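Fair warning: this is a prediction, and the values are worked out from it, not measured in the lab.
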Amino acid sequence: MYMRRAYKVLLLAAALLILSTTAYAFAASNTVPVSNAGDGSQVISGYTVTNVHYNLNTSDPASIDSLTFTIGPALPAGGTVTVQLVSAGAWYACSVSGGTSVTCTTTGATASGSNNLRIVIAQ
């Protein structure tokens, strides 16, 4: 009887070892594609933002109608860009043309209230 029990425990241990090795093999083979992302006010590897231009409202120059800038490298299809002009304020969605030219409609933003330019780019 003792021998049967020891055999069952040994068989169970062997099965657990095989299952854990198989699970590790599947987990170890996961790969993800290379991508770029960045957030913050310091230099971040991934994207470079240049040529920032605030487009003021023609009848009320204290209002910012839109913001344009250039990013590099080009944002692939399906990527998103958003900006924030006021710390803890509203986020504005942007459109990307040609993968590098970005336009953000910032209706309601005021030049005097803007204290921040935070850009979030995600693939």
Side-chain angles (χ1 to χ4, degrees):
M1 179 147 152
Y2 178 73
M3 211 42 186
R4 269 178 104 184
R5 185 173 183 160
Y7 180 72
K8 286 182 181 180
V9 169
L10 182 63
L11 188 59
L12 180 62
L16 288 174
L17 179 65
I18 291 170
L19 286 174
S20 65
T21 303
T22 304
Y24 175 76
F26 281 115
S29 67
N30 293 336
T31 57
V32 295
V34 175
S35 65
N36 293 311
D39 180 22
S41 60
Q42 300 297 319
V43 175
I44 300 170
S45 63
Y47 284 97
T48 301
V49 176
T50 57
N51 303 321
V52 176
H53 182 75
Y54 297 88
N55 301 301
L56 302 178
N57 183 289
T58 54
S59 59
D60 180 12
S63 296
I64 303 171
D65 282 345
S66 65
L67 171 70
T68 58
F69 54 90
T70 306
I71 60 172
L75 183 67
T80 59
V81 179
T82 55
V83 298
Q84 183 183 51
L85 298 177
V86 178
S87 297
W91 285 91
Y92 300 99
C94 303
S95 61
V96 181
S97 174
T100 59
S101 296
V102 181
T103 302
C104 310
T105 302
T106 56
T107 306
T110 60
S112 62
S114 297
N115 62 357
N116 183 40
L117 174 55
R118 186 170 182 188
I119 301 169
V120 177
I121 303 170
Q123 293 184 342

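Nearest heavy atom pair, residue Tyr92 against residue Thr105, reads CD2-O, 3.4 Å. The two residues Cys94 and Val102 come nearest to each other via the heavy atoms CB-CG1, 3.6 Å. Ala90 and Gln84 make their closest contact through O-CG, 3.6 Å (heavy atoms, listed as atom of the first residue, atom of the second, distance).
No side-chain donor-acceptor contact under 3.5 Å links Thr70 to the backbone of Asn51.
For the residue pair Asp65 / Asn57, a side-chain donor-acceptor distance below 3.5 Å is found, with atom types taken as modelled.
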Give the intermediate values and the outcome of side-chain contact (heavy atoms from CB on, under 4.5 Å) for residues Thr106 and Tyr54.
-> CA-CA 10 Å; Thr106 56; Tyr54 297 88; over 6 Å; no
Begin with the C-alpha distance, continue with both residues' side-chain angles, and end with the deciding distance and a verdict on side-chain contact (heavy atoms from CB on, under 4.5 Å) for Leu85 and Leu67.
-> CA-CA 10 Å; Leu85 298 177; Leu67 171 70; 4.2 Å; yes
Could you walk me through whether Ile64 and Leu56 pass side-chain contact (heavy atoms from CB on, under 4.5 Å), step by step?
-> CA-CA 4 Å; Ile64 303 171; Leu56 302 178; 4.0 Å; yes
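Using a 4.5 Å heavy-atom cutoff, the side chains of Phe69 and Val83 are in contact. Tyr47 has its side chain out of reach of Ile119: every pair of non-hydrogen atoms, C-beta onward, lies at least 4.5 Å apart.
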